[in-house]
Amino acid sequence: MVRLITHNLLACHVKGCNTNNFPLQFKDVQIELREAEFNPDFLKGFMPKLEWKALVDAARQLGDTTLPLEQPEMLDDEFLKNLHHVLLEIHVEEGVMTCSNCKHEYPVSNGIPNMLLAEHEIG
Amino acid sequence: MSRPELQAPPEIYYGDTEAKKYTQNTRNQQIQADMTYRALELLNLPLDEPAFLLDIGCGSGLSGEILDDEGYVWTGVDIAPSMLEVALERDIEGDLFLQDIGQGFGFRPGSFDGAISISVLQWLLNAETSHPTSSPPHRLNRFFTTLHSALRNPSRAVFQFYPSSDDQIQLITSAAQKAGFGGGIVVDYPNSKKAKKIFLCLFVGGGGAQQQIPRGLEGEEEENSKVKYERRRDRERGKDKNGKRKNVKDRDWILKKKELYRKRGKEDVPRDSKFTGRKRRAIF
């Protein structure tokens, strides 16, 4: 159940991989849509934490183009609904997440990303 | 029986059967739930805003379920795939990660409003290989530093854990301090054998108002903290269904065994006499 809310927080943690290690790139993904409870207060509180560009890119990659390229100043209801859908309702079930810097691949299977590192990659 | 963390690494100890057992045991569920509520209390999150939490060592989502109920959005990490599989079956809301917390997190700085962890830290105290990155101090350091940066400032992280000695507490708290955390140990019911629970309550930042370490609960443990029928179980230990003591061997069995040993040529087999396998009367 990788949702974009967690994807937007996730950087590569391989030893020495400190720059350009965010966001992880999706590859060969299968997505599933699952409804979640709409909570505008949570979204408003969460907005400052988001990396907006990464979120929009990831959403477009997964085929959702409802978000504007620039983070809007005004938060209207329709925008929050779209944001809610992108952040909390799109689940990546299968696929691979790749770090664009060190090319480490984090496989996602059954909705659970495998973040384990090999011994030489541990910082 | 020895502690589970001494028997095998977590991802092996919590295999398919153990993961199911752990999750279905109602006593276990109750304890986990109590500790989760207490950990949330210690987290002391602001009431008015919904928080985004990290559940470290979420397992099958016993504590995650409570986070769901309380209206938190959360993410869980665990190293045991079987536990996560059970979590998937249980249909919980949070995102799950298969991750070794001793390898550190990759979350962006300031991602989480708080972290809880129930019965996990003691698993970090065993080295699985001789590689330097596998030593407990190294793993603890890596864990606490990456966690510290993943938490918002100010925020808290609360860990319930089962240390087996004061040295272990010392090791863990010093690693946490080195990583920049404030805070310390909170002990609930310090004088009770069973209800005693140890929480590590860590603070990120503090701002102007210094954060105070909360006080542990004291006084008598609650009544229902004992397992049902515990006394009866003790009394009846060593009795079979019919109320007789089990496994007392009778004279024939002893004679047969001695005969067998003699036939095999074992030395010093005691001789048979009228006292062999004799019943002992109750003492009055």
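On a predicted model such as this, the values are computed, not experimentally measured, just so you know. Every chain is numbered from 1, with letters handed out A, B, ... down the list of sequences.
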Close side-chain approach of [X] to [Y], heavy-atom, < 4.5 Å:
X     : Y      : answer
B:L98 : A:P113 : no
B:V73 : A:R3   : yes
B:I79 : A:L116 : yes

Under 4.5 Å from any heavy atom of chain B, what part of [X] do you find: side chain, backbone, both or neither?
X     : answer
A:N39 : side chain
A:L50 : backbone
A:F22 : side chain
A:I5  : side chain

From CG (A:L88) to CD (B:E93), nearest 0.5 Å: 9.5 Å

B:L88 side, atom CG; A:N110 side, atom CG - distance, nearest 0.5 Å: 5.5 Å

B:D95 (side chain) donor-acceptor with A:V2 (main chain) under 3.5 angstrom: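 Looks like no, no N/O pair under 3.5 Å.
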
Any donor-acceptor pair under 3.5 Å from B:R108 side chain to A:K49 backbone: yes

Quick check on [X] against chain A: is it the side chain, the backbone, both or neither that has a heavy atom closer than 4.5 Å?
X      : result
B:T129 : side chain
B:A51  : backbone
B:S111 : both

Verdict with supporting geometry, B:Q103 and A:E119, side-chain contact (heavy atoms from CB on, under 4.5 Å): CA-CA 9 Å; B:Q103 295 179 351; A:E119 237 169 32; over 6 Å; no

Ring geometry between B:F52 and A:F46 (parallel below 30°, tilted from 30 to 60°, perpendicular above 60°): perpendicular

Closest heavy-atom pair and its distance - A:L10, B:F97: CD2-CE2, 3.5 Å

Check against side-chain contact (heavy atoms from CB on, under 4.5 Å), B:Q99 and A:I112: CA-CA 10 Å; B:Q99 189 156 22; A:I112 299 180; over 6 Å; no

Top of A:E37, A:M115, A:K44 for chain B proximity - count of heavy-atom pairs under 4.5 angstrom: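 The option with the most such pairs is A:M115.
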
